Amino acid sequence: FSNRLAAEADELPAGTSDRRGYWGDYLLPRIQGGVDRLGSKIWTLSRENVLQAVAARAEGFVVESLEWKLLTGEVITVDVTVVINGERLEVLVIETTPSGTFENSYNFDWRR
């Protein structure tokens, strides 16, 4: 539930210059495999129209934000599904850990 740093200016929503990011990223040890940032870039989609292409990008951002769990062995698999429901993206995350499977669901509202 933190905002991942937008590394490039072209990732930012139009009219925005704040790259956000999680302050704790600077304290993280670099995980083998290169993950050194936490959080999600789903916030960069806040000014987009809710279209299938945006849902696909959101899915990629959610997968990217959970990559550290795979690299550290906290989870064995992560399955992410994003569907459009009106002006909302509904995200379902299913994580398989060494001790079982867990489901989490999240809603991201695009209200203007």
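Remember, predicted model here, so these are calculated numbers, not experimental data.
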Among residues at least two apart in sequence or on other chains, which ones pass side chain to side chain contact (heavy atoms under 4.5 Å, CB included) with Glu95?
Leu66, Lys69, Val75, Val78, Val93, Asn104
Nearest heavy-atom neighbours spanning Val54 and Glu48:
CG2-CB, 3.8 Å
Separation between CG of Leu70 and OG1 of Thr77, rounded to the nearest 0.5 Å
7.5 Å
Pairing residues for Ile84 by the side chain to side chain contact (heavy atoms under 4.5 Å, CB included) criterion, not counting sequence neighbours:
Val50, Gln52, Ala55, Leu89
Could you state the interatomic distance from CG (Asp79) to CG (Leu92), rounded to the nearest 0.5 Å?
9.0 Å
Spatial distance of atom OG1 (Thr81) from atom CD (Glu59) [nearest 0.5 Å]:
6.5 Å
State yes or no: do Val80 and Leu45 share one hydrophobic cluster built from I, L, V, M, F, W and Y residues joined by side-chain heavy-atom distances below 4.5 Å, directly or via other members?
yes
